[in-house]
Amino acid sequence: MEVPAAPATDGNENKGLKTLISLYSNFLWNRVVGFVPSSDSNFLGKIPIYFRSRSRKRQACLPLPLPSNSLQYSPVTTEASRVCDVLHDILEHIFSNLHNIQKNMQFWQSRAEGSNAQKVKFMVLERGPQAFIEGTIQLIHGCVAEGSSIKNICLSASAHISERIAILTNLRCSLATFLAEVYMEIDRFGEELLRDPENSLPSLLIRINGLFFKLEASVGHLHAMRQCDSSVEGSYSVPLLFEKLPEINQEGSQWTDCEIRDAINLVYQNLEKLDLYLSYIVAKHRKPRKVTQYWIRYTCGVVGLSVCSMWLIGHSRLMGSPDIDNWLREARDSTISFFSDHVEQPLLSIRDELFETFRKRHRGMMDLEEVQLTSNSLHRMLLAFSEQTKGQKFPENAPDQEMLEIVMARYEKELTHPITNLLNGELARAMLIQVQKLKLDIETAMLELNQILRANEINFAILAALPAFFLSLALIMLMRAWFKQDTRAEGRGRIARLQRRLLVVEVEKKIMQYRTFVDKGMEKDAQCVYGLLLYSLDRLYHAVERHARATGEWQWLSQDIIDLGKPSLQTEYKLRVTARLERAYDCLLPSLKRQ
């Protein structure tokens, strides 16, 4: 009776285990679903601001215009630190979007400044296969109809380019104005933010939210600028609409931590909307990609590569042909033969020849002892001849030159009767003494030559190594040029240095333009120029940072760049700072002055 009950007990236990597992699975699933955002949930409000702001690596940009003597204030609170992070992210996003717009504007402006032939080339050859077919058909139709097809394409190109320049210019002006207003608000609230963050944070967040809506109004007219016959493909996205702060306690002096967190999350939502909107608009008006511009080259390359691939496959083992194996073997043998005949053997021959020459020279050249022996023999011969001729005793240290004069005088006298004196006189002896003197002179000259050659052995060794040295140097220079072919302002070459100096010139021009617009009362244009000035300063800040840190100038150079962006400083002081940048810092000096 008890045996059948065991399976029932096991079944109940298995059922209870399954129920428990299902319960925990449903619990975990509900927690995950509760965390994942739905279509109507505020996902940004559930993510802590410190996690979202620090989850991605923050890029360096122009610092916030906070007081430099911030250490005298009380420690910055958590809320103030969060707002500083938000403000830094706002500047970073605006600088990035401005840079993207500026790159595309420079491309279209370069095309607008080109000749009619360059515009026709762009419209027909640099916009992809479809534009190539349409442009070719238009050209053929114009030739058949005897119309001005080239002129029509030029007009179409001008409209195509000018429309994109107009949209990008308006976008850049709107972003620059927004950047200038945000920067000025940070400069105005900076001291209060560090001294009394509890009262200044709400006002600053309200002002930042209001600036977003001013940007929304300035960007909204781009839809009205779109022409009916616009060359931009597709339609614009939904107009830019930012989130607004709740009306509750907007004017209150203090906000709770939850309200500050919600306000900061709202700013991040608006930033994300702005990035999406700008990325869509800029993508519609961006320059063609490299693949599109050079599609003919790439097409020819692909076709050529395909033909070569088919030809190689036809001569490979896949098709049963040993041609490729034979060619590879012959190429290997030819390479080995060339290296052996033109590199290895000549170098070994030069080495062996040099060492063999040195070894033979050491054995065959005169040594100092041999020269001294010949000199002593000559001295004795001169001494004996002089004593016999003069009939007097000469000292042992008598000079050879004096005795040689006696020999030469006797030699000249003996030459008057050469045949008789050759047999009975001293003519033969005098001639042998002169031969000994000639031998001494030759041995002395060979000894000096031996010393010169020994002194130049290192020169021969260096001369033998010069070809390999120059070849290595050329390879190193080519590799260095290939690795450092970046000519942007952040690079190290002469062109990069010139780009950095041009950035300083651009900053100086923007400072003067800003002063001119302010004097004329053109506030809107002045704010736009001031935003472009900040953008130029950010580019200069990025371009010189690495070089200035390497030379130890970064502490002073960074402070000068920050001073140029402060709206409270006078124009005359800023112009003096720009002059100092060009003459005082190594990374901004001309190449000639550095030499």
Side-chain angles (χ1 to χ4, degrees), residues 53 56-70 81 83-103 172-191 193-194 204 208 211 215 267 271 274-275 278 488-490 499-511 513-514 526-549 553-569 571 573-575 577-578 580-582 585 587-588:
S53 61
R56 64 179 179 85
K57 184 179 180 180
R58 182 173 284 111
Q59 300 293 331
C61 65
L62 188 67
L64 299 174
L66 298 176
S68 57
N69 55 347
S70 58
S81 176
V83 173
C84 289
D85 291 340
V86 174
L87 298 177
H88 186 280
D89 287 340
I90 291 175
L91 295 184
E92 179 189 337
H93 282 253
I94 300 303
F95 283 137
S96 177
N97 287 318
L98 275 175
H99 185 61
N100 190 20
I101 293 173
Q102 185 68 20
K103 287 193 301 182
R172 186 184 66 170
C173 184
S174 300
L175 281 181
T177 303
F178 175 73
L179 174 63
E181 292 173 343
V182 170
Y183 203 82
M184 289 181 178
E185 290 295 333
I186 298 173
D187 182 70
R188 185 164 66 90
F189 279 91
E191 188 171 351
L193 181 64
L194 297 176
L204 179 59
I208 294 295
L211 295 179
L215 177 63
V267 171
L271 268 181
L274 178 63
D275 286 343
L278 291 178
R488 297 176 299 175
E490 294 83 357
Q499 294 293 329
R500 291 194 292 271
R501 289 181 59 81
L502 290 178
L503 284 177
V504 178
V505 174
E506 186 177 351
V507 168
E508 188 174 358
K509 289 176 61 177
K510 291 294 188 294
I511 292 174
Q513 291 178 3
Y514 176 71
Q527 287 183 342
C528 177
V529 172
Y530 183 68
L532 295 177
L533 168 63
L534 295 175
Y535 167 68
S536 300
L537 289 175
D538 178 70
R539 291 180 60 199
L540 181 62
Y541 189 89
H542 277 283
V544 302
E545 181 177 4
R546 179 164 58 92
H547 306 283
R549 289 187 185 277
E553 303 170 336
W554 179 240
Q555 179 181 356
W556 297 273
L557 179 55
S558 61
Q559 188 58 48
D560 283 343
I561 295 177
I562 295 172
D563 289 342
L564 289 175
K566 292 182 178 179
S568 58
L569 296 181
T571 303
Y573 174 76
K574 292 184 177 181
L575 293 178
V577 172
T578 56
R580 181 167 67 240
L581 292 179
E582 294 179 335
Y585 298 106
C587 58
L588 295 173

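Put simply, CD on Glu553 and CD on Glu545 are 13.5 Å apart, with the number rounded to the nearest 0.5 Å. Distance CD/Glu508 to NZ/Lys510: 12.0 Å, rounded to 0.5 Å. In this structure, NZ on Lys574 lies 7.0 Å from OH on Tyr514, to the nearest 0.5 angstrom. Between Asp560 atom CG and Leu537 atom CG the span is 11.0 Å, to the nearest 0.5 Å. Asn100 contributes atom CG, which lies 9.0 Å from atom CG of Leu278 (distance to the nearest 0.5 angstrom). Interatomic distance, Leu540 CG to Ser558 OG, rounded to the nearest 0.5 Å: 11.0 Å.
Residues passing the ring pair (Phe, Tyr, Trp, His ring centres under 6.0 Å) test with Tyr183, sequence neighbours excluded: none.
Counting heavy atoms from C-beta outward, Val544 and Ile561 have side chains that approach closer than 4.5 Å. Looking at Tyr535 and Gln102, their side chains come closer than 4.5 Å, going by heavy atoms from C-beta outward. Leu532 is not listed as a side-chain neighbour of Glu506, based on a closest heavy-atom distance of 4.5 Å or more. Side-chain contact between Leu91 and Leu62 is absent, with no heavy atoms from C-beta onward closer than 4.5 Å. Using a 4.5 Å cut-off on side-chain heavy atoms (C-beta onward), Ile90 and Phe178 make contact. Proximity of Leu271 to Val86: side-chain heavy atoms (C-beta onward) are nowhere separated by under 4.5 Å.
Contact record, Pro65 with Ile186: CD-CG2, 3.6 Å, taken as the closest heavy-atom pair. The two residues His542 and Cys61 make their nearest non-hydrogen contact at NE2-CA, 3.9 Å. Minimum heavy-atom separation, Leu204 to Phe189: CD1-CD1, 3.8 Å. Pairing each heavy atom of Ala548 with each of Leu557, the nearest pair is CB-CD2, 3.7 Å. The two residues Leu179 and Gly531 have their closest heavy-atom pair at CD2-O, 3.6 Å. Residue Cys528 comes nearest to Cys173 through the heavy atom pair SG-SG, 3.0 Å, listed as atom of the first residue, atom of the second, then distance.
Trp554 has its ring centre no less than 6.0 Å from the ring centre of Tyr585.
Distance alone, capped at 3.5 Å, places no donor-acceptor pair between the Arg539 side chain and the Leu503 backbone. Asp538 places no side-chain N or O within donor-acceptor distance of the main-chain N or O of Leu534, the cut-off being under 3.5 Å. Side chain of Ser96 to main chain of Glu92: no donor-acceptor pair is present (N/O by atom type, distance under 3.5 Å, no hydrogens or angles). Judged by distance alone, with hydrogens and angles left aside, the side-chain atoms of Tyr530 form a donor-acceptor pair with the main-chain N or O of Gly565 at under 3.5 Å.
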Kindly determine whether Leu533 and Gln513 satisfy side chain to side chain contact (heavy atoms under 4.5 Å, CB included), including the steps that lead there. CA-CA 10 Å; Leu533 168 63; Gln513 291 178 3; over 6 Å; no
Quick one, Glu185 with Arg188, criterion salt bridge (Lys or Arg N to Asp or Glu O under 4.0 Å). Give me CA distance, side-chain angles, the key distance, then yes/no. CA-CA 5 Å; Glu185 290 295 333; Arg188 185 164 66 90; 2.8 Å; yes
